[in-house]
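This report refers to the structure that appears directly beneath it.
Not measured: the values here are computed from a predicted model.
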Amino acid sequence: MATDTPSGAAPSEDAIREALATVNDPEIHRPITELGMVKSVDIAADGAVAVVVYLTVSGCPMRETITRTVREAVEQVEGVTSVAVELDVMSDEQRKELASSLRGGTAEREVPFAQPGSLTRVYAVASGKGGVGKSSVTVNLAAAMAADGLKVGVVDADIYGHSVPRMLGADGKPTQVENMIMPPSANGVKVISIGMFTPGNAPVVWRGPMLHRALQQFLADVYWGDLDVLLLDLPPGTGDIAISVAQLVPNAEILVVTTPQQAAAEVAERAGSIAVQTHQKIVGVVENMSGLPCPHCDEMVDVFGTGGGERVAEGLTRTTGAQVPVLGAIPIDVRLREGGDEGKPVVLTDPDSPAGAAIRSIAGKLGGRQRGLSGMSLGITPRNKF
Ligand SMILES: Nc1ncnc2c1ncn2[C@@H]1O[C@H](COP(=O)(O)OP(=O)(O)OP(=O)(O)O)[C@@H](O)[C@H]1O
């Protein structure tokens, strides 16, 4: 504790508040002073400081973290001899005010990413059929972009087959401030999933309108902050959710994941064609499970055939009239599967493995677009510019 001021004088309130401004709320990631969370600061003549901090909700899971970080920050101030931190809980009125300030001028129910001037790139990851590795690709792209310094969020919109939190290692639960939901984060990625709201592994048996509402809530009621990139993991196929995405975030660009098999390729192409009907851009195609590097020699074993990515990209180029590129091919890699099972994305645990390197390269292309073009509105960005 910094107790030795030259005059032995107690610290000023400004100095204490300056120190408190360095404490971020652990979920909202903004200074507690900006969020109206400092109720009072009392400074005794002997340098003993008492701070009362508002929690957003009683029983806030972050209470201990907040108490500790406040104490640590205040202890650093010259002249402080002791620190007492007390907690109080915001009133309904204060919570409403906070929720509305977090919306940053966006009206309730509005999707911030769909507003003119939004600088967040939204990529909807789609596939024609299940099991092609769409969720694995989403999670690893997100982790790779976050590791590159971008602010990334993932919406697990695969309502029936939600697997993103497990693959990302996100075992935290969302908390709520009024009608704003604070998403947990893992590996630097904020994530929300229907799986966080259902007990255990209970199946979700919703029909179209409820799916639409869930997606709208994920996009409008979750506090994402300023994201560079938002990835949406769509359910396989061309169902209700794909249409909801087109309505809620028309500027979302579609990333199609396929395997090298002809059959998979045909379905993926159909999924892409829907995007054309909904006037969404197709940012590119990723071929997953693209050969298995032989563990005994340098050969690639084409377990699922070859050329699916190219065929899908050519088909989409024909359908859309715009060049749709293949952004990369990800080989079969047992480390990718293991990483998914353990919640440790392979791009972080084994970034130079064949699959890790392939995904990082794709993430670099998608993330690089965001960096290079931030400042331009999504609507006027040249399509397929790599
Ligand atoms: N390149 C790869 N190498 C090895 N295993 C992979 C690869 N890609 C995906 N997998 C594995 O294949 C399985 C299916 O992948 P994933 O769940 O990502 O597919 P999906 O298309 O999202 O499926 P669904 O549509 O059913 O949600 C997972 O066990 C995953 O770990």
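- To the nearest 0.5 Å, the span separating CG on Asp88 from CD on Gln94 amounts to 8.0 Å.
- Nearest heavy-atom pair, Ala252 versus Val245, reported as atom, atom and distance to 0.1 Å: CB-CG1, 4.2 Å.
- Note on Asp341 versus Arg337: salt bridge recorded, some NZ/NE/NH1/NH2 to OD/OE distance being below 4.0 Å.
- In this structure, Val83 and Val85 have side chains that are in contact, with non-hydrogen atoms separated by less than 4.5 Å.
- In this structure, Arg17 does not pair ionically with Asp14, as no charged nitrogen and carboxylate oxygen lie closer than 4.0 Å.
- Under the 3.5 Å distance criterion, with hydrogens and angles disregarded, no donor-acceptor pair is assigned to the side chains of Thr69 and Glu72.
- Rounding to the nearest 0.5 Å places OG1 of Thr138 at 9.0 Å from CG of Leu232.
- Residues Lys173 and Gly195 come closest through the heavy atom pair NZ-O, 4.3 Å.
- Across all their heavy atoms, Ala144 and Val347 have their closest contact at N-CG2, 3.8 Å.
- Results of the side-chain contact (heavy atoms from CB on, under 4.5 Å) test with Val38 over Val52, Val70, Ile32 single out Ile32 as the only residue that passes.
- Ion pairing between Asp352 and Arg360 holds under the 4.0 Å rule for side-chain N and carboxylate O.
- Heavy atoms only, all atoms of each residue included: Ile181 and Pro183 are closest at O-CD, 3.5 Å.
- Expressed to the nearest 0.5 Å, how far CD1 of Ile362 lies from CE of Met145 amounts to 9.5 Å.
- In this structure, Asp148 contributes its side chain and Gly364 its backbone to no donor-acceptor pair below 3.5 Å.
- Within a 6.0 Å radius of CD in Glu86, no more than 12 heavy atoms belonging to other residues, nucleotides or ligands are found.
- Minimum heavy-atom separation, Val132 to Val257: CG2-O, 3.9 Å.
- Side-chain contact check for Gln280 and Thr278: at least one donor-acceptor pair (N or O, by modelled atom type) lies under 3.5 Å.
- Side-chain polar atoms of Glu314 and Thr317 form no donor-acceptor pair below 3.5 angstrom.
- Separating the CG atom in Leu230 from the CG atom in Asp228 is a distance of 11.0 Å, to the nearest 0.5 Å.
- Taking CG of Leu168 as the reference point, atom OG of Ser163 lies at 10.5 Å (rounded to 0.5 Å).
- Using a cutoff of 4.0 Å between basic side-chain nitrogens and carboxylate oxygens, Lys134 and Asp233 are scored as salt-bridged.
- The structure places CD1 of Ile254 at 12.0 Å from NZ of Lys281, a figure rounded to the nearest 0.5 Å.
- Using a cutoff of 4.0 Å between basic side-chain nitrogens and carboxylate oxygens, Glu64 and Arg68 are not scored as salt-bridged.
- A donor-acceptor pair under 3.5 Å links the side-chain atoms of Arg95 to the main chain of Thr56, judged by distance alone.
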